[in-house]
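Okay, structure first, notes after.
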Amino acid sequence: MLYLIGLGLSYESDITVRGLETIRKCKRVYLEAYTSILMAADLPSLEKFYGCEVLLADRELVESGSDEILAGADIDDIAFLVVGDPFGATTHTDLVIRARELGVKYEAIHNASVMNAVGACGLQLYNFGQTVSLVFFTDSWKPDSFYDKVLENRQLGLHTLLLLDIKVKEQSIENMARGRLIYEPPRYMSIETAAEQLLEIEEIRQEKCYGDDTPCVAISRLGSPKQTFKAATLRDLVDYESGEPLHSLIILGNRVHELETDFLLEFAGDAASKQKFADAVTADAENFKKPAPYITPAPGDDEDKIFDDFRRIRL
Ligand SMILES: C[S@@+](CC[C@H](N)C(=O)[O-])C[C@H]1O[C@@H](n2cnc3c(N)ncnc32)[C@H](O)[C@@H]1O
């Protein structure tokens, strides 16, 4: 049997009782070590807590060597540990599909995920739209497909959770070209970088999806003793000091409930910052309430164009 076991977000003891009991009866235990990290535990502390050896599974092993993970799983029990929930914003469906192909049974043992724990900032999970990922830009590569999803969410008044890039075991272009297996130190995107990149893309796209004054929430080290939330405008977050990883960012929808705002104000800072944030939420909501003007379709206009015009004017 293949067991996909969620570890939760922070401590080794965040694992569920059923997860721990299962690990202890498994022949091999793998830890998926590239899509997230535990906030208050590491490999030695996990091994000590579980009382067994834990094998690190990097991206290459999971994506290209899944048969190695699954070897013998038709006879023995194998555990595949995932930080958060095994199906929370990760792509382990591939491993499950491969297990099915090999006739290996599988079972998921769930746990808390960043996808639900962000509710701790006071925003209602019901009011979130599509989650997006933001990757590190390079000089020549600035992928902006997230922008369309944020735009769709904002048109519906929904909040957007942005998960920020993690680069683990990456090679520099030079080392890759020379075939040298030398890896760069891990990199975790900060809130400051995320805010800069978001504003850079708005500057390029100019579709007024969000701007300097858009209210946001920065979430750092969720579920750990060093957890922090910061409610601020997107521009103010460029100068924020988010500190140690991991971080996530929320762009608020422009239909924020009064209770959500009240809860968030606690994380805005001093009285002036609270007022600034409350004003930003109000201004954003006004934008949402503006009625969309009616556009008379011109003969020959296709529906996509009308929809595009509508989207632009609506914002
Ligand atoms: C690809 S997701 C993996 C999610 C994981 N499987 C789960 O269910 O929580 C990883 C991203 O989620 C966010 N994240 C995960 N844990 C976090 C935490 N404790 N605090 C803040 N952000 C976190 C970060 O943006 C990180 O890059």
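Along the sequence shown, residues carry numbers from 1. Everything numeric in this text was worked out from a predicted model, so none of it was measured. Atoms within each ligand, like the ligands themselves, are counted from 1 in listed order.
- Scanning the protein for heavy atoms near atom 19 (N) of ligand 1, the closest one is Leu222 O, 3.0 Å.
- Between Ile166 and ligand 1, no N or O atom pair is found at a separation short of 3.5 Å.
- Remark: Glu207 does not engage Arg154 in a salt bridge, criterion side-chain N to carboxylate O under 4.0 Å.
- The shortest N or O to N or O distance between Ser220 and ligand 1 is not below 3.5 Å.
- Ion pair Asp165/Lys167 flagged as a salt bridge, since at least one NZ, NE, NH1 or NH2 atom sits closer than 4.0 Å to an Asp/Glu carboxylate oxygen.
- Shortest contact from atom 21 (C) of ligand 1 to any protein heavy atom: Leu246 O, 3.4 Å.
- In Val83, the part holding a heavy atom less than 4.0 Å from any atom of ligand 1 is the backbone.
- You'll find the side chain of Glu107 reaches within 4.5 Å of the side chain of Met1, heavy atoms only.
- Donor-acceptor pairing under 3.5 Å is recorded for the side chains of Glu32 and His92.
- Among protein heavy atoms, atom 13 (C) of ligand 1 sits closest to Ser248 OG, 3.2 Å.
- Ranking protein heavy atoms by distance to atom 1 (C) of ligand 1, first place goes to Ala89 O, 3.1 Å.
- Comparing Gly84, Gly8, Gly88 against atom 6 (N) of ligand 1, the shortest heavy-atom distance belongs to Gly88.
- With ligand atoms numbered from 1 in the order given, ligand 1 contributes 10 (C), 15 (C), 16 (N) to contacts under 4.0 Å with heavy atoms of Ser36.
- Here Arg98 pairs with Glu101 in a salt bridge; the nearest charged N to carboxylate O distance falls below 4.0 Å.
- Side-chain contact check for Arg221 and Thr228: at least one donor-acceptor pair (N or O, by modelled atom type) lies under 3.5 Å.
- Among protein heavy atoms, the minimum distance from atom 9 (O) of ligand 1 is reached at Val114 N, 2.8 Å.
- Among protein heavy atoms, the minimum distance from atom 24 (C) of ligand 1 is reached at His247 O, 3.3 Å.
- Here the heavy atom of the protein found nearest to atom 10 (C) of ligand 1 is Thr35 O, 3.1 Å.
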